**Q** 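Quick one: structure below, then a few questions.
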Amino acid sequence: MDKDVKEDLLEKLLEEQGHICAYCMRRIPEKRKLPTGVASVTIEHWFPRNPGTKEDIGQGLNYRNMFAVCSGNRGCGNQEDLICDARRGNRPIKVNPCDSETLCGITYTSSGSIKSSDPVINAELNEKLNLNSEKISLPENRKQVLLALINDVRKNCKKGEISLYCKRKLEQIQDISDPKMPYVGILIWWLEKHV
């Protein structure tokens with residue numbers, strides 16, 4: 001793919017996603033110093049590209065098959081520390097960040113862990129995508145974002161008005177398009193529970 005076209009495509013994906021990774025919801029492109037040759041953001045193909053095989057049905061050029069994702073902790077030297085598409089590789093997955101059915105089954109714990117009621121998706125969240133990685137503090141980061149929201153609700157919500165306050169806060173968060181808050185998924189999950 002032409003470099004300019006790829007850059008335009010990536011910028012469009014980033015804008016649509018609010019500059020957060022499609023899987024872990026960290027801010028992208030990453031600002032931290034990465035090892036030489038490791039991109040701070042890449043284009044992920046949800047349905048894997050397998051050029052030259054019978055599985056390649058042209059999905060590499062299908063825009064609806066593409067997401068912007070973080071570096072996935074590439075360059076760390078340890079396969080166990082990889083997350084998102086860096087961990088997944090070219091293996092097919094059921095988890096689709098654009099599928100409302102997938103998203104409806106995803107929940108969080110108060111400690112910031114992500115999980116699903118669907119055992120296949122739950123295994124993919126933990127094993128194929130490694131989204132509960134302690135190495136890069138994903139659960140802790142989600143927990144801190146959630147605690148900030150809970151403190152905001154406690155501070156600003158009048159007794160008996162939690163549902164109304166959470167509804168307004170949810171609408172406010174959902175109206176933010178670019179950039180979105182990192183780890184916004186846990187906030188939306190919590191607010192929806194309290195509306």
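Everything numeric here is computed off the predicted structure, so don't read it as measured data. Sequential numbering from 1 along the given sequence is applied to the chain's residues.
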**Q** Can you check whether Thr102 reaches Ile121 side chain to side chain, under 4.5 Å on heavy atoms?
**A** yes

**Q** Over all heavy atoms of both residues, which pair between Cys70 and Cys84 is shortest? Give the atoms and the distance, please.
**A** SG-SG, 3.7 Å

**Q** Could you please spell out the steps behind the side chain to side chain contact (heavy atoms under 4.5 Å, CB included) verdict for Lys169 and Asp152?
**A** CA-CA 10 Å; Lys169 195 74 174 170; Asp152 176 69; 3.3 Å; yes

**Q** Report the distance from atom NZ of Lys115 to atom CD1 of Ile106, rounding to the nearest 0.5 Å.
**A** 12.5 Å

**Q** Report the distance from atom OG of Ser137 to atom NZ of Lys143, rounding to the nearest 0.5 Å.
**A** 11.5 Å

**Q** With hydrophobic residues grouped by side-chain heavy-atom distances under 4.5 Å, do Val145 and Tyr108 end up in a single group?
**A** yes

**Q** Quick test of your reading of the model: are Arg87 and Asp81 salt-bridged, counting only N-O distances below 4.0 Å?
**A** no

**Q** Looking at every heavy atom in both Pro179 and Arg27, which two are closest together, and how far apart are they?
**A** CB-NH1, 3.4 Å

**Q** Among Val153, Leu170, Leu191, whose side-chain contact (heavy atoms from CB on, under 4.5 Å) with Tyr165 holds?
**A** Val153

**Q** Minimum heavy-atom separation for Ser133 to Ile136, with atom names?
**A** OG-N, 3.6 Å

**Q** For residues 182-195, which residue pairs pass the side-chain hydrogen bond (donor to acceptor under 3.5 Å, both in side chains) check, not counting sequence neighbours?
**A** Asn141-Tyr183

**Q** Looking at every heavy atom in both Gly72 and Ala86, which two are closest together, and how far apart are they?
**A** O-CB, 3.5 Å

**Q** Arg91 and Lys128: side chain to side chain contact (heavy atoms under 4.5 Å, CB included), yes or no, with the steps?
**A** CA-CA 8 Å; Arg91 299 179 288 174; Lys128 286 187 179 177; 3.7 Å; yes

**Q** Could you give the distance from CG (Leu13) to CG (Asp8), rounded to the nearest 0.5 Å?
**A** 11.0 Å

**Q** If we ignore angles and hydrogens, is there a donor and acceptor under 3.5 Å between the side chains of Tyr23 and Asn130?
**A** no

**Q** When hydrophobic residues are tied together by side-chain contacts of less than 4.5 Å, even through go-betweens, does Ile162 share a cluster with Leu187?
**A** yes

**Q** Can you tell whether the side chains of Asp85 and Arg74 come within less than 4.0 Å, N to carboxylate O?
**A** yes

**Q** Looking only at heavy atoms, which two atoms of His19 and Pro29 are closest? And how far apart?
**A** CD2-CD, 3.9 Å

**Q** When you measure from the side chain of Asn151 to the backbone N and O of Leu147, does any donor-acceptor pair fall under 3.5 Å?
**A** yes

**Q** Find out if a path of hydrophobic residues (ILVMFWY) with successive side-chain heavy-atom gaps under 4.5 Å connects Phe67 to Met25.
**A** yes

**Q** Looking at Lys180 and Gln17, what are the two nearest heavy atoms and their distance?
**A** CD-O, 3.8 Å

**Q** Looking at side-chain heavy atoms only, is the closest gap between Lys6 and Ile43 below 4.5 Å?
**A** yes

**Q** Report yes if some heavy atom in the side chain of Pro139 is under 4.5 Å from a heavy atom in the side chain of Ser113; otherwise report no.
**A** yes

**Q** If hydrophobic clusters are built from ILVMFWY residues whose side chains come within less than 4.5 Å, do Ile176 and Ile186 share one?
**A** no

**Q** Is Lys94 salt-bridged to Asp118, cutoff N-O under 4.0 Å?
**A** yes

**Q** Applying side chain to side chain contact (heavy atoms under 4.5 Å, CB included), run through Asn132 and Leu138 and close with a yes or a no.
**A** CA-CA 6 Å; Asn132 287 316; Leu138 290 176; over 6 Å; no

**Q** How long is the span from the NZ atom in Lys12 to the CG atom in Leu14, to the nearest 0.5 Å?
**A** 11.5 Å

**Q** Between CZ of Arg168 and CD of Glu171, what distance do you get to the nearest 0.5 Å?
**A** 9.0 Å

**Q** With side chain to side chain contact (heavy atoms under 4.5 Å, CB included) as the criterion, how do Leu82 and Cys76 come out once you've worked through the C-alpha distance, each side chain's angles and the decisive distance to 0.1 Å?
**A** CA-CA 8 Å; Leu82 296 176; Cys76 67; 4.0 Å; yes

**Q** Do any N or O atoms from the side chain of Trp46 and from the backbone of Val95 form a donor-acceptor pair under 3.5 angstrom?
**A** yes

**Q** Do Arg88 and Glu124 meet the salt-bridge criterion of a basic N to acidic O distance under 4.0 Å?
**A** no

**Q** Test of understanding: clusters of I, L, V, M, F, W, Y form through side-chain heavy atoms closer than 4.5 Å, transitively. Do Ile20 and Leu125 belong to the same one?
**A** yes

**Q** For residues Ile83 and Leu129, determine if any side-chain heavy atom of one lies less than 4.5 Å from a side-chain heavy atom of the other.
**A** no

**Q** Which distance, rounded to the nearest 0.5 Å, do you find between the CG of Asn62 and the CG of Asn65?
**A** 5.5 Å

